[in-house]
Q: 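Have a look at this one.
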Amino acid sequence: MNTEQHIVDPQHPDPAVIERAAAVLRRGGLVAFPTETVYGLGANALDASAIKKIYIAKQRPASDPIIAHIHSSEQLALLAMQVPDVALALADRFWPGALTLILRRRPSVPENIAQGTGTIAVRMPDHPVASALLRAANLPVAAPSANTFTRPSATLAAHVLEDLDGRIDMLLDGGSATIGVESTVLDLSGDAPTVLRPGGVLLDDLRALIPELRVAPKYLAQDTDTQSPGQLLKHYSPKARLLLFTGADHARVSRSMHDNAVQLIGAGRKVGIMGADAELDTLPAGVLKAALGNRDDLATTGQRLFAALRELDAQDVDVILAADPGRDGLGAALWDRLLRAAEGDVINIT
Ligand code: TXA
Ligand code: MG
């Protein structure tokens, strides 16, 4: 199929283009669109055959459930039932925004949005293009990240095309996603509120409302000591092998990355490094660099992370070296993505 592309002003999208995209959704087609976190691949969340097309386009296993996106709190009633008060309080505080809530699913919602779970993940995105599209379609829209399964998420329209050109009906190009990592996924369907994926809404901000918050990332533990690579789901993966360097003393971690880069180059490997701007200045010749901003500027690191992985991949490196961003603030989400991209290949510098 031909993927129809439209460039839209991210702040003031052309209503005629938005209407065209909404019509695609209404007739059961697939539209990729920008959100503040990453690009989403949307389909009518109330239409099982439209949802099925998402799994096919992304080559995603049917066992991996999809988030439904809404533009108003009233739409929640279409999707979820027995919505607990804490969900309403969280929605009030964080929506529109980078928080996804898992709730009990209404039986009328197609099963294949979240196979075998009895639940539904819901988010109200905070992006003028996403909001306009959701309003125009007036449907809840199922949308995973707009990348092929296991690849880094798409933060630019070019990334969507890399993975999905010819596999989806339409792409709205609204420029770069502003946060750059996906939403925080919070499960409210069980006994204790549990974060399954750290993301754009920070854990400390959630704890202010839910002091008893549990954090249990679905695919791995937070700490390198307890994580077991065997349990890691391959995800966010560059084609190259990614080595993730961690350690209490950042200067030593940085030096070790340099030493490793020199060794790998000596062994004839093509090496890329993702790192803070200042660290990249002193690298040995021949190393390919992807700059992530200042080391203490996690917002910029977040915006750049997935693009950096894709840039280095496009240059056919064999190995990518990356440094631990810490665990504070957005660092928890960045660490999670890097750890999964590295498939557990963590080098601890003590
Ligand atoms: O920021 C985001 O969340 C982006 C934008 C497009 O909204 N979407 C996104 O979707 O990242 P996706 O499909 O790439 O990741 C959704 C995550 C997956 O880890 C999935 O397993 C989990 O949410 N999830 C979705 N529905 C769930 C459910 N009912 N129960 C448990 N986990 C669920
Ligand atoms: Mg994804």
Side-chain angles (χ1 to χ4, degrees), residues 30-43 45 51 54-55 57-71 79-80 87 94-106 109-127 129-131 133-134 140-155 159-160 163-164 171-172 174 177-190 193-201 216-220 232-237 302 305-306 309 330 333 336-337 340-341:
L30 300 183
V31 178
F33 59 95
T35 85
E36 80 280 28
T37 56
V38 298
Y39 273 72
L41 176 59
I51 293 168
I54 292 179
Y55 289 101
K58 277 193 62 133
Q59 299 165 265
R60 172 167 168 141
S63 55
D64 198 2
I66 300 175
I67 300 169
H69 295 69
I70 58 176
H71 66 82
L79 301 166
F94 294 106
W95 282 356
L99 179 66
T100 294
L101 301 177
I102 297 179
L103 302 164
R104 310 295 314 164
R105 182 169 76 231
R106 253 189 200 293
V109 179
E111 168 74 12
N112 67 346
I113 197 165
Q115 207 83 47
T117 63
T119 61
I120 178 90
V122 189
R123 174 166 106 83
M124 190 189 294
D126 185 17
H127 190 290
V129 175
S131 309
L133 178 61
L134 291 167
V141 171
S145 51
N147 52 281
T148 307
F149 184 64
T150 80
R151 294 278 299 147
S153 296
T155 54
H159 301 159
V160 180
D163 287 12
L164 300 172
L171 164 62
L172 300 180
T178 45
I179 297 178
V181 287
E182 304 85 344
S183 62
T184 303
V185 177
L186 174 58
D187 189 354
L188 298 176
S189 70
T194 305
V195 171
L196 301 182
R197 179 179 73 183
V201 162
K218 205 163 158 190
Y219 301 116
L220 45 88
L232 291 178
L233 183 82
K234 184 175 161 69
H235 220 115
Y236 306 113
S237 308
L305 188 73
F306 289 131
L309 286 171
L330 197 61
D336 170 88
R337 304 309 186 269
R340 286 156 72 177

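Ligands are counted one by one from 1 in listed order, and the atoms in each one are counted from 1 as well.
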Q: Do ligand 1 and T119 have nitrogen or oxygen atoms that lie under 3.5 Å from each other?
A: yes
Q: Keeping the roles fixed (side chain from T148, backbone from R151), state whether a donor-acceptor pair exists under 3.5 Å.
A: no
Q: Under the side-chain contact (heavy atoms from CB on, under 4.5 Å) rule, what do T184 and V195 come out as? Steps first, then yes or no, please.
A: CA-CA 7 Å; T184 303; V195 171; 4.1 Å; yes
Q: Mind checking side-chain contact (heavy atoms from CB on, under 4.5 Å) for A177 and listing every partner two or more places apart, or none if nothing turns up?
A: T155
Q: Checking the N or O distance criterion of under 3.5 Å, is ligand 1 in contact with K58?
A: no
Q: Specify side chain, backbone, both or neither for R123, according to which of its non-hydrogen atoms lie closer than 4.0 Å to ligand 1.
A: side chain
Q: I'd like to know if H69 contacts ligand 1, where contact means a heavy-atom distance under 4.0 Å to any ligand atom.
A: yes
Q: With S183, which residues qualify under side chain to side chain donor-acceptor pair (under 3.5 Å), at least two apart?
A: T100, R197
Q: Short list, please: which atoms of ligand 1 are under 4.0 Å from a heavy atom of I67?
A: 3 (O), 8 (N), 9 (C), 10 (O), 16 (C)
Q: Between S145 and N147, is there a donor-acceptor pair closer than 3.5 Å when you use the side chain of the first and the backbone of the second?
A: no
Q: Could you check whether any side-chain heavy atom of V141 comes within less than 4.5 Å of a side-chain heavy atom of L133, counting everything from C-beta outward?
A: no
Q: Distance under 4.0 Å to a non-hydrogen atom of A121: what atoms of ligand 1 satisfy this?
A: 25 (C), 26 (N), 27 (C), 29 (N)
Q: Spell out, as yes or no, whether a donor-acceptor pair under 3.5 Å connects the side chain of Y39 to the backbone of G174.
A: yes
Q: Any idea which of S183, A143, G40 brings a heavy atom closest to atom 8 (N) of ligand 1?
A: A143
Q: Based purely on interatomic distance, does Y39 place a nitrogen or oxygen under 3.5 Å from a nitrogen or oxygen of ligand 1?
A: no
Q: With backbone taken as N, CA, C and O and side chain as the heavy atoms from C-beta onward, which portion of D64 lies under 4.0 Å from ligand 1: side chain, backbone, both, or neither?
A: side chain
Q: For ligand 1, which atoms have a heavy atom of T37 less than 4.0 angstrom away?
A: 1 (O), 2 (C), 4 (C), 5 (C)
Q: Angle between ring planes, F33 versus H69, binned at 30° and 60°: parallel, tilted or perpendicular?
A: perpendicular
Q: Evaluate the side-chain contact (heavy atoms from CB on, under 4.5 Å) criterion for residues R60 and I54: first the C-alpha distance (whole Å), next the side-chain angles of each, then the deciding distance (0.1 Å), finally the verdict.
A: CA-CA 8 Å; R60 172 167 168 141; I54 292 179; 5.6 Å; no
Q: Do F306 and E182 touch side chain to side chain, with heavy atoms closer than 4.5 Å?
A: yes
Q: Of the backbone atoms (N, CA, C, O) and the side-chain heavy atoms from C-beta on, which set of R60 has a member under 4.0 Å from an atom of ligand 1: side chain, backbone, both, or neither?
A: side chain
Q: Under 4.0 Å from a heavy atom of P65: give me the atoms of ligand 1 that qualify, with their elements.
A: 20 (C), 21 (O), 24 (N), 25 (C), 26 (N), 27 (C), 28 (C), 32 (N), 33 (C)
Q: Heavy atoms only: which of G116, G180, P125, S145 is nearest to atom 14 (O) of ligand 1?
A: S145
Q: Check ligand 1 against A114 and write out every atom of the ligand that is under 4.0 Å from a heavy-atom position of the residue.
A: 29 (N)
Q: Would you please name every residue forming a side chain to side chain donor-acceptor pair (under 3.5 Å) with S189, sequence neighbours left out?
A: D187
Q: Would T35 count as being in polar contact with ligand 1, using the rule that some N or O on each side must be under 3.5 angstrom apart?
A: no
Q: May I ask you to test the T119-L103 pair for a side-chain heavy-atom distance under 4.5 Å?
A: no
Q: Give every protein N, O or S atom lying under 2.8 Å from the Mg ion (ligand 2), naming each by residue and atom.
A: S145 OG
Q: Run the salt-bridge test on R123 and E36 with the 4.0 Å N-O cut-off and return the result as yes or no.
A: yes
